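What follows is a set of notes on a single structure, which appears directly below.
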Amino acid sequence: MRRVAVKAKCPAALLHTLLALHLRDCVGYLSPSTADLQESLQVSLPLVRGYVRDLEARGCIKRERFYRRGPRLLRLTDKGKELVRQCQQELKRSAALLV
């Protein structure tokens, strides 16, 4: 994770948040909200909101409304998906070295 963090110039905590968002997105039918993401990461809600704002500023995620008055849910952008793919490759490479 450190290699990807240095290469992408993105803190590791944000990469963990992206991976958690990707996992929640794969499992559920709708994209998660910040409260769902906070439940997955088990950190305080203000900290998750800060991570989400930072990731939005970097262009890795976007917020979408699926219903007119519903909550804004989180969705990975193409840049975010690419970053998740890089993290997954690095985790696979690290796991292969341990075996």
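Model, not experiment: these values are computed from the prediction.
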| Thinking salt bridges, do Glu90 and Lys92 make one under a 4.0 Å N-O criterion? | no
| field | Nearest heavy-atom neighbours spanning Ala5 and Ala12 | value | CB-N, 4.2 Å
| field | Nearest atoms (heavy-atom pairs only) where Gly59 meets Thr77 | value | O-OG1, 2.6 Å
| task | Give the intermediate values and the outcome of side chain to side chain contact (heavy atoms under 4.5 Å, CB included) for residues Ile61 and Leu18. | result | CA-CA 8 Å; Ile61 62 173; Leu18 271 179; 3.9 Å; yes
| said: Counting only heavy atoms not in Arg65 (residues, nucleotides, ligands), do more than 12 fall under 6.0 Å from its CZ? | reply: yes
| Are Cys10 and Leu15 close enough, and set up right, to give a side chain to side chain contact (heavy atoms under 4.5 Å, CB included), and what steps lead you there? | CA-CA 7 Å; Cys10 184; Leu15 295 178; 4.1 Å; yes
| query | Any side-chain donor paired with an acceptor under 3.5 Å for Gln89 and Arg85? | reply | yes
| query | Atom OG of Ser33 and atom CD of Glu39: how far apart are they, to the nearest 0.5 Å? | reply | 9.0 Å
| said: Between Thr17 (side chain only) and Tyr51 (backbone N and O only), is there a donor and an acceptor less than 3.5 Å apart? | reply: no
| message | Can you confirm whether Leu73 sits close enough to Arg63 that some side-chain heavy atom of one is under 4.5 Å from a side-chain heavy atom of the other? | response | no
| said: Please report the interatomic distance NZ(Lys81) to NE2(His22), rounded to the nearest 0.5 Å. | reply: 9.5 Å
| request: Answer whether the closest heavy-atom distance between the side chains of Arg72 and Thr34 falls below 4.5 Å. | output: no
| field | CD on Glu82 to SG on Cys87, rounded to 0.5 Å | value | 10.0 Å
| Backbone of Val43 reached by a side-chain donor or acceptor of Gln38 within 3.5 Å | yes
| request: Go through Leu47 and Leu41 one step at a time and tell me if the side chain to side chain contact (heavy atoms under 4.5 Å, CB included) criterion holds. | output: CA-CA 10 Å; Leu47 191 58; Leu41 291 172; over 6 Å; no
| Leu45 reachable from Val52 in the ILVMFWY side-chain graph, under 4.5 Å edges | no
| message | Is the shortest side-chain heavy-atom distance between Cys60 and Leu76 below 4.5 Å? | response | no
| Is a side-chain N or O of Lys7 found less than 3.5 angstrom from the main chain of Gln86, in a donor-acceptor match? | no
| Inter-residue atom distance Leu14.CG - Leu19.CG, 0.5 Å rounding | 11.5 Å
| Salt-bridged, Arg53 to Glu56, with N to O below 4.0 Å? | no
| task | Measure the shortest side-chain to side-chain distance between Gln88 and Val84 over non-hydrogen atoms and say whether it is less than 4.5 angstrom. | result | yes
